[in-house]
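The structure under discussion appears below in the form of structure tokens.
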Amino acid sequence: MPTGRRKGGRFALGGLGMARHMNDDKVRLLRSLAFKIHRKEIPAEALNDCFEAEGKGGKHRQWRQAVTVLAEDGFVPALLAGELIGAEAAVVMTVLERAKDHRLLSDAIEGIADFLENAES
């Protein structure tokens, strides 16, 4: 049985709780991004909108660096800077972005969100 204080239906266990919260944020952002891209929004604009939505009220400072990278270097480097994807996924995302296939790109992003969500279990 876990020890710690119960908070919002989960046990707060220091680093473990923080990691779960971070994954929840990533999953929510990735699902929102996939939805916007599936609706044919330009990936960089959709990602910027997602960062803005997550950052309302001064929350989620972890996205600040990614917003800067998005403005300077583009979509895939911003996903890397926000630790939303790893290096291997960045290679695939770059190919999908260049192919300009919004369905494949949104499906890949949704798949990453599914993976992160299942990794929590």
Report the distance from atom CG of Asp49 to atom CD of Glu41, rounding to the nearest 0.5 Å. 5.5 Å
Taking all non-hydrogen atoms of both residues, which atom of Ile112 and which atom of Ala89 are closest, and how far apart? CD1-CB, 4.2 Å
Are Val69 and Ile85 connected into the same hydrophobic cluster when the rule is that any two of I, L, V, M, F, W, Y join if their side-chain heavy atoms are below 4.5 Å apart? no
Could you tell me whether the side chain of Lys26 and the main chain of Glu83 form a donor-acceptor pair under 3.5 Å? yes
Separation of Trp63 CH2 from Leu47 CG (nearest 0.5 Å): 9.0 Å
Tell me, do Glu110 and Asp114 make a side-chain contact under 4.5 Å, heavy atoms counted? yes
Interatomic spacing from CD1 in Ile37 to CZ in Arg103 - rounded to 0.5 Å: 14.0 Å
With a 4.5 Å cut-off on side-chain heavy atoms, are Leu84 and Leu33 touching? no
Near Glu52 CD, under 6.0 Å, is it more than 12 heavy atoms from other residues, nucleotides or ligands? yes
Atom CG in Leu70, atom CG in Asn48: separation rounded to 0.5 Å? 5.5 Å
Would the distance check show the side chain of Thr94 and the main-chain N or O of Ala90 forming a donor-acceptor pair, the cut-off being under 3.5 Å? yes
Value rounded to 0.5 Å, distance of NZ in Lys36 from CD in Glu45: 10.5 Å
Residues Ala81 and Ala66: closest non-hydrogen pair is CB-CA, 4.0 Å
Rounded at 0.5 Å granularity, tell me how far CZ in Arg98 sits from CG in Leu105. 13.0 Å
Consider only side-chain heavy atoms of I, L, V, M, F, W and Y, link residues closer than 4.5 Å, and tell whether Ile109 and Phe35 are in one cluster. no
Going by heavy atoms in the side chains, are Ile42 and Phe75 under 4.5 Å from each other? no
